[in-house]
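What follows is a short report on a single structure.
First listed ligand is number 1; within each ligand, the first listed atom is number 1.
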Amino acid sequence: MIIIGEKINSTLKAVRPAIEDYDTEAIQSLAKRQYEAGATYIDVNAGMFMDDEPERLGWLVETVQAVVDAPLSIDSPNGKAIKKGLELNKNGKPIINSITLETERIDEYLPLVKEYNTSVIALCMDDSGMPETIDERVSIAEKLIERLTSEGVAMNDIFIDPLVRPIGTGSHYGVVAIETIRKVKTEFPDVHIACGLSNVSYGVPVRKLINQAFLVAAMAAGMDGAIMDPLDKKIMSFVYATEALLGLDDFCVNYLSKYKEGALEN
Ligand code: THG
């Protein structure tokens, strides 16, 4: 699984003050801990700082890459902030998080994908908003993949985000996400999937339980990437156990090595 560590995000009450105060130590600690816990990418998001988001996101990029080698997921709906982050990036190939099929967004972000040779998370969303049905989502994913590959982006640099919505606002949203994943992965096996895992559980009690169950079901449908909390030992244990069960971990080598490290939680 490709784990995109979500903790360096200005919407988090515990993290926002560290970005506000340019608290290098706090941000670097979060970066190191996520990396050591198995994050493939470190997501950086300064979206709550409307007035100076490019500067703050740029500071996050520099601060994180001073202590970890992991590539970054540069997370913003603001093209200027994305560009600033890309200019300062020195780690490996980053992910732009995210484009959509909305005309303005894709026209602004696609040149950045090409100029900086990045990977990209593409949300199943277009000018008419958030799609309701599985077929609408798959159709947007197809158009996104067609547009991106026609502009020279490699299949395996594309991460499709099915846009996970809370099951508390519609009991079909779990199935919508899972079946979108299955169809996209069947049609485009070389494309990756990246979901915000915790979205599914907003507004229901014992959220972690729902997140864990969703993770297993989505992985069984072909999800190979998630924006999630790598510091949560339990959910990471579910990742390793599910990989072993799905035949993605030969001889359970990774599962056993996580066990020996003491990383597994019952
Ligand atoms: N898709 C893509 N990018 C994304 C998302 C997505 N980026 C942002 C978000 N969704 C993923 N990142 C987070 C980061 C932290 C939390 C959730 C998602 C989180 N939230 C807790 C909550 O909401 O209860 C805690 C809030 C708090 O402590 O303030 O931990 O879907 N492409």
Side-chain angles (χ1 to χ4, degrees), residues 2-20 26-27 30-31 33-34 37 39-49 53 57 60 64 71-78 81-82 85 94-102 105-106 109 113 118-125 130-131 137 140-141 144 148 157-169 173-174 176-178 180-181 184 191-212 214-215 218 223-236:
I2 299 165
I3 310 284
I4 305 170
E6 71 183 10
K7 302 293 283 189
I8 303 180
N9 189 312
S10 56
T11 61
L12 293 177
K13 280 178 223 83
V15 178
R16 189 177 175 161
I19 304 176
E20 176 103 63
I27 296 301
L30 274 176
R33 286 162 55 217
Q34 291 186 93
T40 323
Y41 289 87
I42 308 290
D43 193 77
V44 285
N45 176 309
M48 295 295 273
F49 298 91
E53 187 188 347
L57 190 61
L60 285 177
V64 170
L72 304 175
S73 158
I74 303 178
D75 187 354
S76 175
N78 173 347
I82 294 274
I95 305 184
I96 292 179
N97 184 9
S98 51
I99 65 161
T100 67
L101 202 58
E102 291 160 295
R105 181 92 161 244
I106 198 160
Y109 280 32
V113 175
T118 74
S119 298
V120 64
I121 298 178
L123 306 182
C124 292
M125 201 174 150
M130 266 203 223
R137 274 167 214 239
I140 293 173
L144 280 162
L148 286 164
D157 279 325
I158 301 171
F159 290 73
I160 295 294
D161 183 334
L163 267 184
V164 180
R165 298 181 68 183
I167 55 167
T169 63
Y173 284 136
V176 167
I178 288 160
T180 301
I181 291 166
V184 170
V191 159
H192 299 294
I193 304 289
C195 298
L197 209 62
S198 60
N199 300 352
V200 76
S201 62
Y202 283 121
V204 294
V206 201
R207 286 183 62 187
K208 285 185 175 189
L209 186 59
I210 301 290
N211 296 346
Q212 287 155 6
F214 177 74
L215 175 89
M223 181 177 77
D224 64 347
I227 305 160
M228 55 183 268
D229 179 5
L231 303 182
D232 179 338
K233 252 178 120 169
K234 191 71 183 264
I235 196 99
M236 290 299 279

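- Under the 3.5 Å distance criterion, the side-chain polar atoms of R137 are matched with a main-chain donor or acceptor of P131.
- A distance of 10.5 Å separates CE of M228 from CD of Q34, quoted to the nearest 0.5 Å.
- Nearest protein neighbour of atom 1 (N) of ligand 1, counting heavy atoms only, is D161 OD2, 2.6 Å.
- In this structure, atom 16 (C) of ligand 1 is in close contact with the protein, since a protein heavy atom lies within 4.0 Å of it.
- Looking only at distances, no side-chain donor or acceptor of Y202 sits under 3.5 Å from a matching main-chain atom of I167.
- Remark: ligand 1 atoms within the under-4.0 Å shell around heavy atoms of Y202 are 23 (O).
- Considering backbone and side-chain atoms together, R207 places an N or O closer than 3.5 Å to an N or O of ligand 1.
- Atom CG of D161 sits about 7.0 Å away from atom OG of S98, to the nearest 0.5 Å.
- The one candidate from D75, I96, V113 that meets the side chain to side chain contact (heavy atoms under 4.5 Å, CB included) condition with I82 is I96.
- If you number the atoms of ligand 1 from 1 as listed, the ones under 4.0 Å from a heavy atom of T11 come out as 29 (O).
- Remark: among candidates N97, D43, L12, T100, the nearest residue to atom 3 (N) of ligand 1 is N97, based on non-hydrogen atoms.
- Among protein heavy atoms, the minimum distance from atom 18 (C) of ligand 1 is reached at E6 OE1, 3.5 Å.
- Side chains of N9 and T11: a donor on one and an acceptor on the other come within 3.5 Å.
- Close approach of ligand 1 to S198 is summarised as follows: ligand atoms under 4.0 Å from at least one heavy atom of the residue are 17 (C), 18 (C).
- At a heavy-atom cutoff of 4.0 Å, ligand 1 is contacted by no atom of D229, backbone or side chain.
- Nearest non-hydrogen protein atom to atom 29 (O) of ligand 1 is K13 N, 2.9 Å.
- Checked against a 3.5 angstrom limit, the closest N/O atoms of S98 and ligand 1 fall outside it.
- Counting the atoms of ligand 1 from 1 in the order shown, those under 4.0 Å from a heavy atom of I121 are 32 (N).
- A14 does not count as a contact of ligand 1, since none of its heavy atoms falls under 4.0 Å from the ligand.
- The distance from atom CG of L72 to atom CD1 of I95, rounded to the nearest 0.5 Å, is 9.5 Å.
- Around atom NZ of K208, no more than 12 heavy atoms belonging to other residues, nucleotides or ligands sit under 6.0 Å away.
- With hydrogens left out, the protein atom closest to atom 11 (C) of ligand 1 is I227 CG2, 3.7 Å, a heavy atom.
- At a 4.0 Å cut-off, at least one heavy atom of L123 sits close enough to ligand 1 to count as contact.
- Atom 8 (C) of ligand 1 has its closest protein heavy atom at D75 OD2, 3.6 Å.
- At least one donor-acceptor pair under 3.5 Å links the side chain of S10 to the backbone N or O of G47.
- At a 3.5 angstrom cut-off on N or O pairs, N45 does not count as close to ligand 1.
- Counting heavy atoms closer than 4.0 Å to ligand 1, residue N199 contributes side-chain atoms (C-beta onward) but none from N, CA, C or O.
- Shortest contact from atom 9 (C) of ligand 1 to any protein heavy atom: N9 ND2, 4.6 Å.
- With R33 contributing its side chain and L231 its backbone, the two residues share no donor-acceptor pair below 3.5 Å.
- With respect to Y41, the side chain to side chain contact (heavy atoms under 4.5 Å, CB included) criterion is satisfied by exactly one of I3, I4, N97: I4.
- Distance CD/E53 to CG/L60: 10.0 Å, rounded to 0.5 Å.
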